[in-house]
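Quick notes on the structure that follows.
Positions are given from 1 along the sequence. In each ligand, atom 1 is the first atom listed, and ligand 1 is the first ligand listed. Below, each value reflects all heavy atoms present in this structure, side chains not excepted, and no hydrogens, waters or symmetry copies.
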Amino acid sequence: MRRVVRRVRTVAMHDRTRKILGATVRHTAYVWGGAGVVTKRAWEGRTVAVHHRMRALSLATGDTVAAAEWQDKADSFRRERHQRRMDLIARTPQAVKSAAIGVAGVEGALLLLGACMAIHDHQLYDVVVPTRAAMDAIRAVCWFVGIAWGPTLALTLFAGLSHLWRAGQKHETAPAWARPASGTATDVPITPSIVVTALRDLGIAQLKNGIKEMADGAAGMLGPITLAGCGVEVDVTLPSGVSTEEVLNKRRKLAENMNRHEHELHMVIPPTPRTVRMWIADCGALDEPIGPSPLVLDADMTADYKSGRAPWGQDLRGETALISLFQRHMLVTGLSNQGKTASLRALALWLALDPRVKFRVADLKGVGDWGMFKGLAEVLIEGPTDEHVMEATHMVEEGVEEMQRRGELMRELSAKGWSQDRILADPRFAPLVLIVDEAQVAYGSGARETHVAESGAVKYGAPYGGQKQTSRYFQAIKKIHDQGRAVSVTTWEGTQDPTDQNLPARSRAGNHIRASLVVGTESQAKMALGDAPVDAGAAPHKLRQGLDKGTLVVAGDGIKLAPGQPSITVRTHFIDIDPAKEIAERAKARRAGVETRSPQEPEQEVDHLADVLTVLGEADRLRSPDMLHGLKNLNSVVYGEWTFEVLTQALKPLGAEPRKYNGNPSISRARVLAAIERRAEEAEEATEFDTE
Ligand SMILES: Nc1ncnc2c1ncn2[C@@H]1O[C@H](COP(=O)(O)OP(=O)(O)OP(=O)(O)O)[C@@H](O)[C@H]1O
């Protein structure tokens with residue numbers, strides 16, 4: 001039994017079976033669908049359905065003149081049709097009469113011919129000979145028709161079916177899975193009928209019925225279809241009883257009904273009630289690059305913190321997406337490796353062109369993404385360890401102190417009658433931007449301040465990181481979110497996966513600009529952008545991981561949104577490391593040299609003798625320059641800056657310093673081994689002494 005089941009399954013899954021099934025379904029569907037097409041065409045040829053549709057379309061696009069013309073055409077079509085029918089009714093008895101007269105006339109002529117023949121041959125029978133001959137001719141025709149009927153019927157049927165098949169194939173009436181792969185149905189431009197059909201076939205019964213009931217072919221539910229960047233935009237007013245949410249939830253099906261991928265359809269809810277605004281991309285257009293940043297192209301570009309707007313990228317309409325950073329806290333989130341750092345850095349590079357703006361940067365990944373800010377930023381912390389989190393916390397806490405100082409100063413100056421503009425223009429209020437990239441490292445860190453009392457007891461202070469209220473980093477960020485804006489102290493955080501663990505809710509909500517690259521789920525999208533924009537259609541969770549790198553859904557202020565529009569999708573320009581360095585150099589050239597403070601790297605415990613021995617390898621001795629080169633390769637952090645003097649000073653106390661050999665200062669393996677042995681003996685003696 002199992003074998004039979006297995007065999008049946010093998011046959012069913014076999015490629016050939018699938019091909020046969022596909023072909024059968026395809027050709028049947030072509031004929032069946034073709035019959036529908038032909039019937040519809042015949043029906044439309046005899047009715048004013050087309051006139052009505054065209055009139056509704058003209059009305060929908062606001063062309064009332066064309067609508068009136070189509071109405072006139074429909075009226076005259078109806079009049080002419082009525083006239084034709086009346087004529088037919090009037091002509092039928094006449095035609096019957098004419099036929100009867102015709103038959104009588106022919107029969108009369110035949111009898112007359114027969115009479116002539118009878119007179120000539122003196123044979124009375126000849127009177128009916130022509131009539132009988134005519135009857136024989138008719139019988140022969142009937143006989144022929146009787147024989148030819150079968151093949152003629154078969155031929156007609158075949159011609160009819162092939163006509164239907166051709167009509168069906170032309171209109172792609174077979175299901176997509178059964179159509180040959182080479183079909184390029186995806187290149188279909190968006191027309192009102194495609195949109196209406198896509199909505200009708202969405203599987204929402206009330207929408208389908210609503211569309212059926214609309215006399216104008218439902219064209220009235222569509223606003224004008226306008227070109228918008230690399231796609232088109234249209235507002236759809238839904239019939240009563242259909243909620244916008246139902247349509248938003250069927251995004252993939254709706255996109256596929258219009259021969260688009262899901263990511264090529266964007267939907268938001270505009271302020272007009274019961275309306276969904278759809279932006280439908282041209283096929284494949286979103287996979288085309290948007291070109292380099294104006295920052296890269298224009299070497300003379302300048303920036304203005306207060307009144308300028310950073311050229312971040314393009315929105316879906318193809319318009320430049322400009323963002324104002326003036327007194328705005330910002331959060332950029334997204335899955336790893338999707339362009340978080342690049343998008344944040346692009347804004348910082350633009351802002352760096354305004355020499356007034358000060359930066360303090362903590363890059364808690366620390367692989368050099370922000371390296372070009374050395375000489376631009378006052379502080380640059382690079383690394384992912386707890387020590388780096390502590391430094392980042394200190395950096396933000398210093399930002400809080402600065403904010404508080406400015407707050408007091410602002411109160412004093414205001415009391416003296418200074419205007420807000422004058423205060424903010426004062427150098428003591430130079431904009432300060434605190435950037436923390438990979439902020440989830442801080443929110444996830446367990447680092448704590450540790451105090452060791454004289455008694456030896458260990459006491460712990462407040463945690464540096466974490467998401468609890470006690471977290472120093474979180475508290476400092478929160479304070480700046482609350483009070484920093486007015487005195488131009490702002491934070492920009494970049495973080496991966498905006499979950500509660502990675503990013504506390506209070507910290508998310510404190511930002512003026514919230515931008516999200518692709519995230520995993522709708523709930524993450526809500527954490528990234530807030531509930532309202534996602535409920536109204538913002539969908540970073542629908543972006544494609546890997547393919548939509550650098551594409552951000554942006555909510556909040558600072559970026560131009562149409563009235564009522566909750567979010568905007570921005571495809572950002574990518575500025576790679578090398579051009580970023582060039583822009584940073586331009587920015588440095590515009591400001592007085594900034595000394596970047598990089599908090600001390602923790603001292604590494606190193607054994608110089610052991611390292612020297614490693615570099616010596618099997619050699620008996622090595623020249624000092626070769627030794628220095630080898631040490632640098634071994635540990636660039638410790639030996640990167642070493643010179644001959646430093647090497648000598650480090651090894652001399654151990655008795656292994658370089659000595660001349662064949663005229664070249666060299667380090668001898670024998671002396672290094674002796675030094676190591678001596679050190680071990682000394683350590684042993686010291687231990688014995690301690691024990692005694
Ligand atoms: N706007 C963009 N357009 C095209 N590709 C981009 C864009 N931004 C980033 N990328 C690509 O994505 C890669 C990763 O970018 P980036 O380092 O900014 O990601 P990330 O999200 O910060 O990563 P991680 O979370 O691992 O630090 C870049 O090296 C680049 O190839």
Side-chain angles (χ1 to χ4, degrees), residues 229-230 263 281 284-297 310-316 318-323 330-350 361-373 380-385 388-389 392 435-445 492-499 501-503 513-520 524-525 527-529 540-541 543-554 559 568-581 583-584:
C230 56
H263 71 274
L286 289 181
D287 297 325
E288 299 294 322
I290 62 161
S293 162
L295 271 176
V296 175
L297 298 176
W312 211 4
Q314 279 180 8
D315 65 13
L316 294 177
E319 284 166 15
T320 308
L322 297 166
I323 183 157
M330 181 164 53
L331 172 68
V332 177
T333 60
L335 296 182
S336 173
N337 198 32
Q338 301 303 305
K340 196 168 5 75
T341 300
S343 53
L344 209 53
R345 193 178 59 201
L347 294 181
L349 285 169
W350 175 80
V361 181
D363 168 15
L364 296 180
K365 184 156 75 169
V367 293
D369 288 340
W370 292 87
M372 70 289 300
F373 273 73
L380 180 59
I381 297 157
E382 292 179 289
T385 65
H388 294 101
V389 170
I435 301 175
V436 183
D437 195 9
E438 308 292 347
Q440 78 282 352
V441 176
Y443 290 114
S445 166
W492 295 5
E493 284 183 296
T495 131
Q496 273 178 22
D497 300 350
T499 58
Q501 287 69 40
N502 280 348
L503 195 57
I513 302 168
R514 290 168 78 171
S516 177
L517 295 146
V518 55
V519 287
Q524 283 191 359
M527 291 187 200
L529 300 177
H541 52 294
L543 294 170
R544 298 162 302 164
Q545 186 173 359
L547 294 174
D548 289 328
K549 283 186 176 187
T551 299
L552 288 158
V553 181
V554 187
I559 196 156
I568 185 166
T569 302
V570 178
R571 302 168 71 203
T572 56
H573 297 290
F574 178 51
I575 305 177
D576 213 340
I577 293 273
D578 286 338
K581 282 181 184 161
I583 299 165

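A pairwise comparison of heavy atoms in Val389 and Ala442 identifies CG1-CA, 3.9 Å as the closest pair. Contact detail for Phe373 and Leu380: the closest heavy-atom pair is C-CD2, 4.4 Å.
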Between the protein and ligand 1, are there any N or O atom pairs that come within less than 3.5 Å of each other, and if so, what are their names and distances?
unit_1   : atom_1 : unit_2 : atom_2 : d
ligand 1 : 1 (N)  : Thr572 : O      : 3.0
ligand 1 : 1 (N)  : Thr572 : OG1    : 3.1
ligand 1 : 18 (O) : Thr341 : N      : 3.3
ligand 1 : 18 (O) : Ala342 : N      : 2.8
ligand 1 : 19 (O) : Gly339 : N      : 3.0
ligand 1 : 21 (O) : Asn337 : N      : 3.3
ligand 1 : 21 (O) : Gln338 : N      : 3.1
ligand 1 : 21 (O) : Gly339 : N      : 3.1
ligand 1 : 21 (O) : Lys340 : N      : 2.9
ligand 1 : 22 (O) : Thr341 : N      : 2.9
ligand 1 : 22 (O) : Thr341 : OG1    : 2.7
ligand 1 : 23 (O) : Asn337 : N      : 2.9
ligand 1 : 25 (O) : Asn337 : N      : 3.4
ligand 1 : 25 (O) : Lys340 : NZ     : 2.8
ligand 1 : 25 (O) : Glu438 : OE2    : 3.4
ligand 1 : 25 (O) : Gln496 : NE2    : 3.0
ligand 1 : 26 (O) : Ser336 : OG     : 2.9
ligand 1 : 26 (O) : Asn337 : N      : 3.3
ligand 1 : 26 (O) : Lys365 : NZ     : 3.4
ligand 1 : 27 (O) : Lys365 : NZ     : 2.5
ligand 1 : 27 (O) : Glu438 : OE2    : 2.5

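In this structure, Arg571 contributes its side chain and Thr551 its backbone to no donor-acceptor pair below 3.5 Å. Under the 3.5 Å distance criterion, the side-chain polar atoms of Gln440 are matched with a main-chain donor or acceptor of Gln496.
Using a cut-off of 4.0 Å between Lys/Arg side-chain N and Asp/Glu carboxylate O, Arg544 and Asp287 are scored as salt-bridged.
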**OP:** For the pair Asp369 and Ile577, evaluate side chain to side chain contact (heavy atoms under 4.5 Å, CB included) and give the outcome as yes or no after the intermediate values.
**Re:** CA-CA 7 Å; Asp369 288 340; Ile577 293 273; 4.3 Å; yes
